[in-house]
Amino acid sequence: MTTTPKSMDAIMALCKRRGFVYQASEIYGGINGFWDYGPLGAQLKKNLRDAWWQDMIMNPAWGRKGPNGERVRCVPLETCIIQHPKVWAASGHVGGFNDPMVDCRETKMRYRADHLRLVHATNERKSGRFFAFIENDPDTLESALKKLGKYVRRDMGQGDTEILEFSALDMEEELPRVVGPHAKEAGTLTPPRQFNLMFHSYTGATAGEDDKVYLRPETAQGIFVQFKNVVDTTRVKIPFGIGNTGRSFRNEVTPRNFTFRSREFEQAELEFFCHPDESQDWYRFWRDFRMEWWKSIGLAGENLILREHDKDELSHYSVGTSDVEYRFPFTAPGFGELEGIAHRGCFDLTQHQQHSNAKLDYFDTTRGETLPNGGKKGERYIPHCIEPAAGLDRGALALLCEAYTRDDSRPSPEFLKLNPRVAPIKAAVFPLVDKDGMPEIAERLTDELFARFGRGGFIESDAKQSIGKRYARMDEAGCPFCFTIDGETLKDQSVTCRDRDSGTQQRIALDQVKVFLGEKLGM
RNA sequence: GCGGGUGUAGCUCAGUGGUAGAGCGUCUCGUUGCCAACGAGAAGGCCGAGGGUUCAAGUCCCUUCACCCGCUCCA
């Protein structure tokens, strides 16, 4: 078997050709950072989402016991894309995503405005030049002092210079007199510009600035905000998880790499709440299960890795974070993030408790001293949270990249080895020839398979053109099995079952097709 | 945001300032009957968009949009 390296161009061409992914608004020239799913892509992604929903919420971790020795319990939730603006202040997104940036037109450098400082000669603020440097950066400071000395034609000593913050500048009067940290000329810095990574809109028909709202940059915050309601209304007990899938929006500076970094994308997030003492165990439990899960739906192999973050990579509140990463053709030999499993401590609930003044702690009646009557005194605490947060679009893309195979020794060199569980086409039924009673049998079998498996994907049926061409078409669409009604079927009620990955054929009884397929699809 | 590259049929791509092309795919008819078969035919394009130069622009110039690659940035 001869194989050639996977080309992203070839994968993208197949995605378009077979209706997996289209460019959004393509007939208008497309729009940067947005992609639509065609019929097969939409079903592929739905199967991925359903698999996540099934294995993370309805039957978490395939029914296995958690580190506490009990069945893992999770409940679903569906929260709004638009939340109260204070949610994003509490989460840190409004502050963190809003660093004003300053560009230098001369050197093409970009600086964070709050990192810039200015030095100028004492008593010359009204007319003299300012020389910018970067906070805590000796090189640009030295350079700025040197340029200032040259400018005023004398050496600068103690007391001869004054330093001020960039934000203290009068942008109209004084900015034109500023020389950038790496620039030679004055006036090449732009005013600070907001790089707003959150999309915003306005509520109400006569909306003004006061009605500004944000499209969520992650689904997680909706869960934290409803944590108390779920606890109060559903009889869940710590430890338990809340799962949520849905669209999120980030105004990426550079959308890139097909659907990998899109401005509108879909997340599948679980927030698993537990006692602080058990949080490390649960963190390891979810980290390991998530890795196993991705393998189970077709990403097995050396293209998938689990990467534990280094200490200096961690957010200030995080005790531990791992990424499940996939080696995409465009990241190879490196990897791109599919999912992050973060130990978020009690950061989010604490933040929302402070900002909202709502009590978000939990009274745990299974803890504390044992009372004379045999019960427990109880313990009040803010739960810690483990967050497995997956990108469904990235997942779908990884599935497509992993499945894409080119084997020039096959009659149909390009095909998708999609795992049957996520494949958008579950099976195809072909009459070998479009006559002699075969179409009728094929139609009956198609109807049966539709009734049994149609909720998970398409059952294709096609009588046109040569059988080889029909197989090839199914190979490209990632359909795992084709059943062909032929002359023998008429005699002994058996059909040809053709396997996509190997191209091999076996005969099975017509009335056993459903059983066979049910086993293979896990349905 | 910067630099480089690419935009022509569903896909892959030719196309020298002078009538819009090929292969594959799609559809129809016929033949064949287990791996992109054969024959005949058909549909499908304002050459990414907008300006300009020219008697004449897919081709030259400008602008813009999208995608790819490399920087930069990145919760």
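Letters go in sequence order (proteins before strands), and every chain restarts at 1.
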Between the base of B/C35 and the side chain of A/Q505, is there any donor-acceptor pair under 3.5 Å?
yes

Using the side-chain contact (heavy atoms from CB on, under 4.5 Å) rule, pick out the option among A/Q351, A/R216, A/H352, A/H93 that qualifies with A/V87.
A/H352

Name every residue in residues 429-438 of chain A that has at least one heavy atom under 4.0 Å from any atom of RNA chain B, in order of residue number, or write none if there are no such residues.
A/L432, A/V433

Do the side-chain N or O atoms of A/N257 get closer than 4.0 angstrom to the phosphate oxygens (OP1, OP2) of B/C67?
no

Can you check the distance between B/G58 and B/A42, where both ends of the measurement are the P atom (answer in whole Å)?
26 Å

Looking across every strand, which nucleic acid part, if any, lies under 4.0 Å from A/G33 by heavy atom: base, sugar-phosphate, or nothing?
sugar-phosphate

On a plain distance test, is the side chain of A/R256 in donor-acceptor contact with the base of B/G70 below 3.5 Å?
yes

Distance (rounded to the nearest 0.5 Å) between A/Q23 CD and A/I31 CD1
10.0 Å

Name all pairs fulfilling the salt bridge (Lys or Arg N to Asp or Glu O under 4.0 Å) condition that reach into residues 24-41 of chain A, sequence neighbours left out, sorted by first residue then second.
A/K16-A/E26

With C1' as the reference atom in both, quote the distance from B/U31 to B/G39 in angstrom, rounded to an integer.
8 Å

Same-atom distance (C1') from B/A56 to B/C69, integer angstrom
37 Å

With rounding to whole Å, what would you report as the distance between B/G48 and B/A9 at their P atoms?
8 Å

Atom P, compared across B/U28 and B/G44: separation rounded to whole Å
16 Å

Between B/C35 and A/R470, counting only base atoms on the nucleotide and side-chain atoms on the residue, is there a donor-acceptor pair under 3.5 Å?
no

Please report the closest heavy-atom contact between A/L432 and A/R470, naming both atoms and the distance.
O-NH2, 3.3 Å

Regarding A/R261, tell me which of base, sugar-phosphate or nothing describes its non-hydrogen contacts under 4.0 Å with the strands shown.
base

Determine the contact category for A/G503: base if any of its heavy atoms lies under 4.0 Å from a base atom, sugar-phosphate if only primed atoms, P, OP1 or OP2 are that close, otherwise nothing.
base

Examine B/C65: is either OP1 or OP2 under 4.0 Å from a nitrogen or oxygen in the side chain of A/N32? Give yes or no.
no

Report yes if at least one side-chain N or O of A/Q465 is closer than 4.0 Å to OP1 or OP2 of B/G25; otherwise report no.
no

For B/A22 and B/U64, measure between their C1' atoms and round to the nearest Å.
31 Å

Would you say the side-chain atoms of A/Q221 and A/S91 include a donor-acceptor pair closer than 3.5 Å?
no

Hey, are A/Q505 and A/T496 close enough side-chain-wise for a donor-acceptor pair under 3.5 Å?
no

Report which part of the nucleic acid A/Y28 touches: base, sugar-phosphate, or nothing (heavy-atom distance under 4.0 Å, all strands).
nothing

Base of B/A36, side chain of A/E476 - is there a donor-acceptor contact under 3.5 Å?
yes

Flag for A/S409-A/D407: side-chain donor and acceptor within less than 3.5 Å
yes

Looking at A/K469, does any N or O in its side chain come under 4.0 Å of the phosphate oxygens OP1/OP2 on B/G25?
yes

Nearest-nucleotide pick for A/R17, side chain only, options being B/C35, B/C11, B/C68
B/C11

For A/Y326, ring pair (Phe, Tyr, Trp, His ring centres under 6.0 Å) partners two or more places apart:
A/F328

